[in-house]
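What follows is a short report on a single structure.
Read the numbers this way: they start at 1 and go in the same order the structure lists the ligands and their atoms. Everything numeric here is computed off the predicted structure, so don't read it as measured data.
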Amino acid sequence: MSNLAAIIDQFTLSATQARDIAGAFAAAMDDGLAGRPSSLKMLPSYLSLPTGDERGVYLALDFGGSNVRVQEVELLGGGRWHIRRHTAAPLRDPAGAYDHTVATATAEELFAFIAGQIAAVADPGTDYLLGHTFSFPCRQTDASHAELLSWTKEIKTAGVEGREVNGLLAAALERRGLGRIKPVAVINDTVGTLLAAAYCDLAADIAAICGTGHNTCYYDASRAMIINMESGNFDRLPLTPWDDALDAASERPGAQRLEKAVAGRYLGELVRRVAAGLGHEAGPPLTLATEALVGPGVPAPLREIAAAVFTRSARLVAATFGGVLASVDPAMSRRHTIAVDGSLYEKTPGYPAALAAALAEILGAKADLVSLRLVKDGSGAGAAIAAAVTRRQPRPCRPASSPGGC
Ligand code: GLC
């Protein structure tokens with residue numbers, strides 16, 4: 001076997017391995033729910049699924065990684081919504097003017113910046129309820145309050161860990177004279193994706209982000225609540241020496257082992273490390289746009305490595321979906337829609353197909369009961385739905401020109 005073939009072999013996940021991972025994942029879910037030690041945090045969202053008839057105009061803040069997005073969302077009922085206005089800004093200025101993600105940046109600076117983005121979208125004369133998609137592991141005490149447990153995705157801003165993020169946001173809004181905007185819901189992006197999917201699809205009960213980061217949530221019928229698993233931290237996985245080296249060089253060695261093997265933030269770096277070991281120059285990490293790695297024009301060995309790493313990502317994610325399904329519906333007695341958002345899933349050629357094929361392999365004859373569906377911008381509409389579900393205060397509904405939804 002050539003060097004390259006031997007490496008690719010190590011990144012190849014067999015059907016048996018995928019089934020074992022699904023079983024280990026389901027066991028980790030049980031442990032986490034029962035309060036036993038588990039790599040899955042199983043965080044309660046305090047939110048149930050929407051009816052699809054929630055209505056009104058809300059602000060949605062999406063803080064999940066490199067960009068902050070704000071949307072004014074009108075929920076129209078009947079599973080439809082309309083984005084009336086929106087803005088997006090990077091937390092780190094590409095020209096170097098500011099960086100709110102480094103350890104020398106403070107919580108106050110970060111949330112003042114976010115309040116500025118909200119000001120750019122909010123109508124000056126309107127009172128709003130705001131739904132906040134905050135895509136990091138949080139301990140929630142109810143649907144509106146969430147304390148950041150620890151930063152992920154290599155963000156290091158000081159003074160946010162251990163603090164209640166909607167409190168920081170509300171204080172920043174007050175300081176800017178925007179006290180009429182009330183943050184009433186805080187959700188993980190997976191939860192937003194599930195809320196947006198379930199707004200128009202009764203079978204939607206699992207949602208994942210396959211983007212810069214990776215995580216999955218599901219609707220737990222026995223608790224009548226969506227649970228954010230923080231599945232990126234799952235660690236019972238057959239990983240390679242390259243995964244271990246990447247982990248050792250990361251901000252938090254030992255943490256987020258699944259995420260480091262599957263998410264866009266890390267895949268380019270993983271490919272670069274494997275290629276460098278074989279003497280192929282793959283450029284510095286940041287030039288490796290994940291979608292570009294599997295496209296034409298990439299040298300053949302590099303493309304093979306990238307294909308193996310990306311396919312493994314899809315198969316690992318599918319294995320965890322198999323675990324969730326085994327936990328929520330062991331007999332596979334009903335239909336399930338798994339909503340997926342994120343650039344890796346949306347933009348990597350072949351990724352959704354590889355994920356679907358691996359899931360079908362795990363589920364066998366029951367595979368027809370499960371649909372995978374791309375749900376875009378769930379964190380915007382989902383945050384608005386969360387705000388509506390939290391308050392259940394319908395507001396006047398204005399006609400919309402081009403409704404979204406499904
Ligand atoms: C990271 C975060 C998680 C989020 C995921 C996708 O894993 O910890 O909360 O859902 O990225 O954005």
Side-chain angles (χ1 to χ4, degrees), residues 25 28 32 38-47 60-69 88 91 101 131-140 146-157 160-162 165-166 185-197 206-219 226-235 237 246-247 250-252 254-267 290 313 316-317 320-321 324 338-348 351 355 374-380 382-383 386:
F25 194 89
S38 171
S39 59
L40 296 178
K41 294 192 177 73
M42 309 303 284
L43 304 168
S45 70
Y46 297 95
L47 286 172
L61 163 64
D62 180 10
F63 177 2
S66 36
N67 289 299
V68 166
R69 297 189 309 154
L91 287 172
T101 66
H132 179 185
T133 307
F134 184 71
S135 311
F136 303 92
C138 287
R139 180 180 301 117
Q140 295 213 208
E147 182 189 304
L148 175 64
L149 291 171
S150 52
W151 282 124
T152 49
K153 306 177 199 173
E154 314 294 308
I155 295 184
K156 286 166 272 185
T157 317
V160 189
E161 287 179 340
V165 291
N166 265 359
V186 58
I187 55 172
N188 185 257
D189 51 0
T190 56
V191 175
T193 301
L194 182 50
L195 290 172
I206 299 171
I209 302 293
C210 293
T212 312
H214 170 68
N215 184 16
T216 302
C217 74
Y218 73 103
Y219 177 67
I226 301 168
I227 306 281
N228 165 18
M229 294 190 282
E230 284 298 325
S231 63
N233 195 49
F234 181 65
D235 61 2
L237 298 163
L246 180 147
D247 176 53
S250 69
E251 278 304 321
R252 296 178 58 230
Q256 301 294 104
R257 292 306 304 266
L258 173 65
E259 183 165 71
K260 286 169 187 165
V262 304
R265 170 71 180 75
Y266 301 97
L267 290 188
T290 49
S313 161
L316 285 173
V317 169
T320 68
F321 289 170
V324 188
I338 305 178
V340 187
D341 195 4
S343 52
L344 181 65
Y345 186 81
E346 191 189 349
K347 298 199 176 133
T348 313
Y351 194 94
L355 209 167
L374 175 68
V375 174
K376 280 180 63 169
D377 301 324
S379 36

Are there any protein N or O atoms under 3.5 Å from the N or O atoms of ligand 1? List them with distances, or say none.
unit_1: ligand 1; atom_1: 7 (O); unit_2: H214; atom_2: O; d: 3.3
unit_1: ligand 1; atom_1: 7 (O); unit_2: Q256; atom_2: NE2; d: 3.4
unit_1: ligand 1; atom_1: 7 (O); unit_2: E259; atom_2: OE2; d: 2.4
unit_1: ligand 1; atom_1: 8 (O); unit_2: T152; atom_2: OG1; d: 3.0
unit_1: ligand 1; atom_1: 8 (O); unit_2: E230; atom_2: OE1; d: 2.8
unit_1: ligand 1; atom_1: 9 (O); unit_2: S135; atom_2: O; d: 3.3
unit_1: ligand 1; atom_1: 9 (O); unit_2: F136; atom_2: N; d: 3.3
unit_1: ligand 1; atom_1: 9 (O); unit_2: N188; atom_2: ND2; d: 2.7
unit_1: ligand 1; atom_1: 9 (O); unit_2: E230; atom_2: OE1; d: 3.4
unit_1: ligand 1; atom_1: 9 (O); unit_2: E230; atom_2: OE2; d: 2.5
unit_1: ligand 1; atom_1: 10 (O); unit_2: N188; atom_2: OD1; d: 3.1
unit_1: ligand 1; atom_1: 10 (O); unit_2: N188; atom_2: ND2; d: 3.2
unit_1: ligand 1; atom_1: 10 (O); unit_2: D189; atom_2: OD1; d: 2.6
unit_1: ligand 1; atom_1: 10 (O); unit_2: N215; atom_2: ND2; d: 3.0
unit_1: ligand 1; atom_1: 11 (O); unit_2: K153; atom_2: NZ; d: 3.3
unit_1: ligand 1; atom_1: 11 (O); unit_2: E259; atom_2: OE2; d: 3.3
unit_1: ligand 1; atom_1: 12 (O); unit_2: K153; atom_2: NZ; d: 2.8
unit_1: ligand 1; atom_1: 12 (O); unit_2: D189; atom_2: OD2; d: 2.6

Parallel, tilted or perpendicular: ring planes of F136 versus F134, cut at 30 and 60 degrees: tilted
All side-chain contact (heavy atoms from CB on, under 4.5 Å) counterparts of D247, not counting sequence neighbours: S250, P253, R257, K260
Residues forming a side chain to side chain donor-acceptor pair (under 3.5 Å) with S135, sequence neighbours excluded: D189
Pairing residues for Q140 by the side-chain contact (heavy atoms from CB on, under 4.5 Å) criterion, not counting sequence neighbours: Y46, A146, V186
Interatomic spacing from CG in L267 to CG in L246 - rounded to 0.5 Å: 9.5 Å
Y351/S313 under side chain to side chain donor-acceptor pair (under 3.5 Å): CA gap, chis, key distance, verdict: CA-CA 9 Å; Y351 194 94; S313 161; 2.6 Å; yes
